[in-house]
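Here the structure comes first, spelled out in structure tokens, and everything after it is commentary.
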There are 2 protein chains.
Amino acid sequence: MGKNPRRNIETLESTEGISKCILKNRLINSEEAEEIIQAIRIENHPKGSILLKEGEVAKDCYLLMKGCVRQYFLVDGVEKTTFFFVEEQGFSSFKSAAKGIPSDHFLECIEDCTLAVLSVQKELELYQKYPNFESLSRSGLEDQLGDYQEMLAKFITSKPEDRYLDLLENRPELINRIPQYQLASYLGVSPETLSRIRKRIFLKK
Amino acid sequence: MGKNPRRNIETLESTEGISKCILKNRLINSEEAEEIIQAIRIENHPKGSILLKEGEVAKDCYLLMKGCVRQYFLVDGVEKTTFFFVEEQGFSSFKSAAKGIPSDHFLECIEDCTLAVLSVQKELELYQKYPNFESLSRSGLEDQLGDYQEMLAKFITSKPEDRYLDLLENRPELINRIPQYQLASYLGVSPETLSRIRKRIFLKK
DNA sequence: GACTTTCATTGACGTTTGTCAAGAAAGAAA
DNA sequence: TTTCTTTCTTGACAAACGTCAATGAAAGTC
């Protein structure tokens with residue numbers, strides 16, 4: 001737990017990946033993409049390392065290229081998982097990064113991760129220089145906001161068992177990748193309850 | 001229910017309000033603000049009117065100047081409230097508006113409302129013309145995303161009673177403005193349970 | 001004022017969940 | 001393999017929640 005990240009020596013393949021990802025969007029031409037890629041650093045973090053601690057100010061935003069990152073809160077000494085980021089997802093601790101305030105949560109790599117990292121400062125510079133890049137970002141933010149609206153709505157309107165079934169249907173890969181006690185926390189129930197929910201579902205079939 | 005919106009004849013005061021709101025941000029100069037305000041229409045909607053129905057494609061984004069708007073889903077014939085927007089909040093059904101897909105929820109004015117309305121199409125034009133306006137929007141989206149991250153996290157990590165206490169502390173105005181059965185739905189419990197939670201809290205004091 | 005409608009409260013009862021504790025299963029390390 | 005650690009499962013019991021039904025209170029309508 002909490003080992004230091006090792007810088008990747010062979011970043012070529014990764015850089016190619018992110019280049020493709022950025023160029024997919026037609027707003028960005030190859031010249032602009034070039035400078036954006038220059039600003040991005042590729043980092044490899046082993047399983048168990050912490051990207052951001054509670055109390056720290058977030059300085060970077062991430063694009064996850066390989067692995068899985070968990071967002072969690074520490075409430076009365078208990079870890080409460082609130083999100084899992086997986087491949088091709090971009091994320092940042094917006095509240096902390098945008099306002100420069102300490103983060104209220106942790107970001108942990110729960111698998112060996114390869115991340116494209118862009119500093120918030122550099123990001124703002126690129127926005128100034130390339131309005132198209134800001135358009136790309138705004139559009140992405142709108143998508144993410146739509147996702148969050150949907151997730152919050154689902155969480156409010158459904159029961160734990162429904163949420164697990166929803167997970168089975170919409171993000172089945174998570175169920176095999178992630179320890180059950182973390183999934184339970186993410187569903188808002190205790191590990192024991194998730195175990196019983198799984199049993200109930202199994203018996204119904 | 002569902003009456004047509006009446007156009008406000010006296011929009012002067014409202015327009016002044018939104019002008020101030022936009023100019024507060026230093027990125028926008030008065031010339032830019034002028035054109036943005038031109039594109040905005042002020043609408044008055046009486047209590048009970050529906051801004052957006054399930055199945056419709058959202059074409060507008062809103063800035064709420066007076067009143068309260070409720071977002072809800074219809075699940076098995078039951079209304080499930082997922083959000084309340086109040087004064088000075090900007091909002092849109094992002095998923096529907098950004099992707100042009102039918103909305104999965106309703107937006108209802110639960111009080112007489114005054115709204116600044118901007119069409120998504122016009123919004124995109126203004127972004128093209130004024131990168132600063134897009135910056136303003138991106139920044140606002142980041143704030144909102146931060147809020148949603150926080151709300152989702154709170155919902156996952158807390159119990160209904162905690163959520164009600166949280167509401168009492170952070171949004172006390174909602175409790176007096178909003179019917180209890182809608183609040184209950186928003187907290188993810190039945191009206192009966194909210195009634196009992198209130199009783200429990202009252203007895204503890 | 002009398003009536004209707006809507007909303008909030010309360011009781012009863014079955015279901016679900018949290019917690020504590022014990023044991024089984026699966027992985028990791030020696 | 002054996003040992004150790006972590007994770008998952010199961011049981012028991014109390015607390016919380018959902019549902020159904022009845023009662024009260026408040027607001028709107030005629």
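Within every chain, numbering begins at 1; the chains are lettered A, B, ... in the order of the sequence lines, protein sequences first and strands thereafter. This is a predicted model, so every value here is computed, not measured.
- Atom CG of A:N176 is separated from atom P of D:dT7 by 17 Å (rounded to the nearest Å).
- Across the protein-nucleic acid pair, B:E79 atom CD and C:dT6 atom P stand 13 Å apart, rounded to whole Å.
- Rounded to whole Å, the distance from CZ on B:R163 to P on D:dA16 is 14 Å.
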What nitrogen or oxygen pairs link the protein and nucleotides 18-28 of chain D at under 3.5 Å?
from   : atom 1 : to     : atom 2 : distance (Å)
D:dG18 : OP2    : B:S190 : N      : 3.2
D:dG18 : OP2    : B:S190 : OG     : 3.2
D:dG18 : OP2    : B:T193 : OG1    : 2.4
D:dT19 : O4     : B:R196 : NH1    : 3.4
D:dC20 : N4     : B:E192 : OE2    : 3.3

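- One interatomic measurement links the two molecules: OH of B:Y181 to C1' of D:dC17, which rounds to 21 Å at whole-angstrom precision.
- Counting non-hydrogen atoms of other residues, nucleotides and ligands closer than 6.0 Å to CD of B:Q121 gives a total of 12 or fewer.
- Taking atom CZ on A:R198 and atom C1' on D:dT10, their separation rounds to 14 Å, with Å as the unit.
- Picking from C:dA8, D:dT7, D:dT9 the nucleotide with the shortest atom distance to the side chain of B:P179 gives C:dA8.
- A cation-pi arrangement is not found for A:R198 relative to A:Y164, the charged atom failing to lie both closer than 6.0 Å to the ring centre and inside a 45° cone about the ring normal.
- With salt bridges taken as basic N to acidic carboxylate O contacts below 4.0 Å, none links A:E111 and A:K47.
- For C:dT10, the OP1/OP2 oxygens have a side-chain nitrogen or oxygen of B:K199 closer than 4.0 Å.
- Ion pair A:R41/A:D60 flagged as a salt bridge, since at least one NZ, NE, NH1 or NH2 atom sits closer than 4.0 Å to an Asp/Glu carboxylate oxygen.
- Of the charged side-chain nitrogens involved, none lies within less than 4.0 Å of a carboxylate oxygen, so that A:R177 and A:E173 do not count as a salt-bridged pair.
- The CD-C1' distance, from B:E161 to C:dG18, rounds to 14 Å in whole Å.
- With B:L115 as the partner, the side chain to side chain contact (heavy atoms under 4.5 Å, CB included) test is satisfied by one option alone out of B:L51, B:N44, B:I42, B:I40: B:L51.
- Taking the centre and axis of the six-membered ring of B:F83, the NZ or CZ atom of B:R70 falls outside the cone set by 45° and 6.0 Å.
- Defined by atom type and a distance below 3.5 Å, a donor-acceptor pair is present between the side-chain atoms of B:E123 and B:Y127.
- Taking the charged nitrogens against the carboxylate oxygens, B:D104 and B:K95 have no contact shorter than 4.0 Å, which rules out a salt bridge.
- The pair B:K66-B:E87 fails the salt-bridge criterion, with no side-chain N (NZ, NE, NH1 or NH2) lying under 4.0 Å from an Asp/Glu carboxylate O.
- Between the CG atom of B:L203 and the P atom of C:dT9 there is a distance of 13 Å, given to the nearest Å.
- A straight line from CG of A:D162 to P of D:dC17 spans 18 Å, rounded to a whole angstrom.
- The pair A:E192-A:R196 does not meet the salt-bridge criterion, since no charged nitrogen lies less than 4.0 angstrom from a carboxylate oxygen.
- Contacts of B:P191 with the nucleic acid, taken as non-hydrogen atoms under 4.0 Å apart, are absent.
- Within the 4.0 Å cut-off from OP1 or OP2 of D:dT9, at least one side-chain nitrogen or oxygen of A:Q180 is found.
- From one end of the helix from C:dG1-D:dC30 to C:dA30-D:dT1 to the other, with five pairs defining each end axis, the axis direction shifts by 40° (rounded to 10°).
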For this session: Report, as a single string ordered 5' to 3', how protein heavy atoms within less than 4.0 Å touch nucleotides 24-30 of chain C: B base, S sugar-phosphate only, - not at all.
Result: -------

Exercise. Taking it one step at a time, do A:S135 and B:E134 satisfy side-chain hydrogen bond (donor to acceptor under 3.5 Å, both in side chains)?
Worked result: CA-CA 7 Å; A:S135 286; B:E134 184 154 32; 2.7 Å; yes

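- A sub-4.0 Å separation between OP1 or OP2 of D:dC17 and a side-chain N or O of B:R200 is present.
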